[in-house]
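Below: one structure, written as structure tokens.
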Amino acid sequence: VQLQASGGGLVQAGGSLRLSCAASGRTFSNYVMGWFRQAPGKEREFVAGITWTGSSAYYADSVKGRFTISRDNAKNTVYLQMSGLKPEDTAVYYCAATSKRTISVLGTVDYWGQGTQVTVSS
């Protein structure tokens with residue numbers, strides 16, 4: 001499956017952004033989807049995941065209560081709504097897909113998108 005992320009940009013602390021990730025090539029609803037991020041000099045880390053139907057979502061503690069992941073299987077798209085952004089949220093954000101049951105660790109990812117930069121100014 002091919003993944004194309006978009007929606008990144010520069011935002012002030014406390015602001016909001018919505019990332020989108022459009023999938024193509026395979027049956028989107030067969031994949032658990034997620035978002036990861038990688039800040040300069042740091043390892044890529046899990047941000048959020050969502051099940052095949054969108055009935056359940058899970059988050060890293062650092063974003064819980066501020067970020068919301070959702071998906072529209074009719075549009076083959078997964079979203080990450082980010083609010084209450086902090087400078088420490090600055091990173092390249094990657095969407096990801098897996099055929100496994102969970103996507104909360106790097107090793108479970110089957111496909112990566114190209115990444116979109118999110119920069120939060122203080």
Side-chain angles (χ1 to χ4, degrees):
V1 61
Q2 291 79 47
L3 303 173
Q4 181 73 35
S6 62
L10 174 64
V11 63
Q12 288 188 332
S16 300
L17 277 176
R18 188 177 82 155
L19 306 183
S20 299
C21 177
S24 62
R26 301 225 176 162
T27 304
F28 180 68
S29 58
N30 287 348
Y31 292 89
V32 169
M33 299 297 297
W35 289 92
F36 289 73
R37 66 187 182 186
Q38 188 167 18
K42 294 189 176 181
E43 294 186 351
R44 194 171 297 189
E45 64 177 4
F46 169 75
V47 174
I50 190 166
T51 55
W52 300 275
T53 62
S55 61
S56 181
Y58 40 98
Y59 301 90
D61 288 342
S62 58
V63 306
K64 204 171 291 183
R66 301 187 297 121
F67 291 10
T68 302
I69 188 172
S70 61
R71 67 190 294 164
D72 186 338
N73 286 349
K75 295 183 178 180
N76 291 350
T77 302
V78 62
Y79 304 96
L80 185 68
Q81 178 67 49
M82 306 183 292
S83 59
L85 283 161
K86 305 175 181 180
E88 52 263 43
D89 294 318
T90 295
V92 177
Y93 284 71
Y94 298 88
C95 61
T98 185
S99 58
K100 304 173 186 65
R101 289 179 173 270
T102 181
I103 198 166
S104 59
V105 295
L106 288 174
T108 61
V109 175
D110 294 324
Y111 302 98
W112 291 100
Q114 88 286 4
T116 185
Q117 176 71 47
V118 172
T119 303
V120 184
S121 63
S122 57

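The structure presented is a predicted model; accordingly, all values stated were derived computationally and were not measured.
Linking Ile, Leu, Val, Met, Phe, Trp and Tyr whenever their side-chain heavy atoms come within less than 4.5 Å puts V1 and Y93 in one cluster. L19 and V109 fall into different hydrophobic clusters, where Ile, Leu, Val, Met, Phe, Trp and Tyr are joined by side-chain heavy atoms under 4.5 Å apart, directly or via other members. Y59 and M33 end up in the same hydrophobic cluster when Ile, Leu, Val, Met, Phe, Trp and Tyr side chains are linked at under 4.5 Å. Linking ILVMFWY side-chain heavy atoms closer than 4.5 Å, directly or via other members, places W52 and V78 in two distinct hydrophobic clusters. By the criterion of side-chain heavy atoms lying less than 4.5 angstrom apart, applied directly or through intervening Ile, Leu, Val, Met, Phe, Trp or Tyr residues, I103 is grouped together with V92 in one hydrophobic cluster.
With a 6.0 Å radius and a threshold of 12 heavy atoms from other residues, nucleotides or ligands, K75 has its NZ atom at or below the threshold.
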Trace of the side chain to side chain contact (heavy atoms under 4.5 Å, CB included) decision for Y31 with T98 = CA-CA 5 Å; Y31 292 89; T98 185; 5.7 Å; no
Audit row: W112, L106, side chain to side chain contact (heavy atoms under 4.5 Å, CB included) steps and yes/no = CA-CA 10 Å; W112 291 100; L106 288 174; 3.6 Å; yes
Does the pair K64 and D61 meet the rule for a salt bridge (Lys or Arg N to Asp or Glu O under 4.0 Å), with working shown?
-> CA-CA 5 Å; K64 204 171 291 183; D61 288 342; 3.1 Å; yes
When you look at V118 and R37, which way does the side chain to side chain contact (heavy atoms under 4.5 Å, CB included) test go after all the steps?
-> CA-CA 9 Å; V118 172; R37 66 187 182 186; over 6 Å; no
Evaluate the side chain to side chain contact (heavy atoms under 4.5 Å, CB included) criterion for residues Y58 and I69: first the C-alpha distance (whole Å), next the side-chain angles of each, then the deciding distance (0.1 Å), finally the verdict.
-> CA-CA 8 Å; Y58 40 98; I69 188 172; over 6 Å; no
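Within the cation-pi definition used here (under 6.0 Å to the ring centroid, within 45° of the axis), R44 qualifies as a partner of Y94.
Closest approach of A23 and L3 over heavy atoms only: CB-CD2, 3.7 Å. Shortest non-hydrogen contact noted between T116 and G7 is OG1-N, 4.1 Å. Pairing each heavy atom of S29 with each of N73, the nearest pair is CB-ND2, 3.6 Å.
Atom CD of residue Q38 and atom CD of residue E43 lie 8.5 Å apart, to the nearest 0.5 angstrom. Note that OG of S122 and CD of E88 are 10.0 Å apart. Values are rounded to the nearest 0.5 Å. Note: T53 OG1 to R71 CZ = 8.0 Å, rounded to the nearest 0.5 Å. Atoms CG and CG, on L80 and L17 in that order, are 9.5 Å from each other to the nearest 0.5 Å. One distance of note links CH2 of W35 with CZ of F46; it measures 12.5 Å at 0.5 Å rounding. In this structure, OG in S55 is found 8.0 Å from CD1 in I50, a value given to the nearest 0.5 Å.
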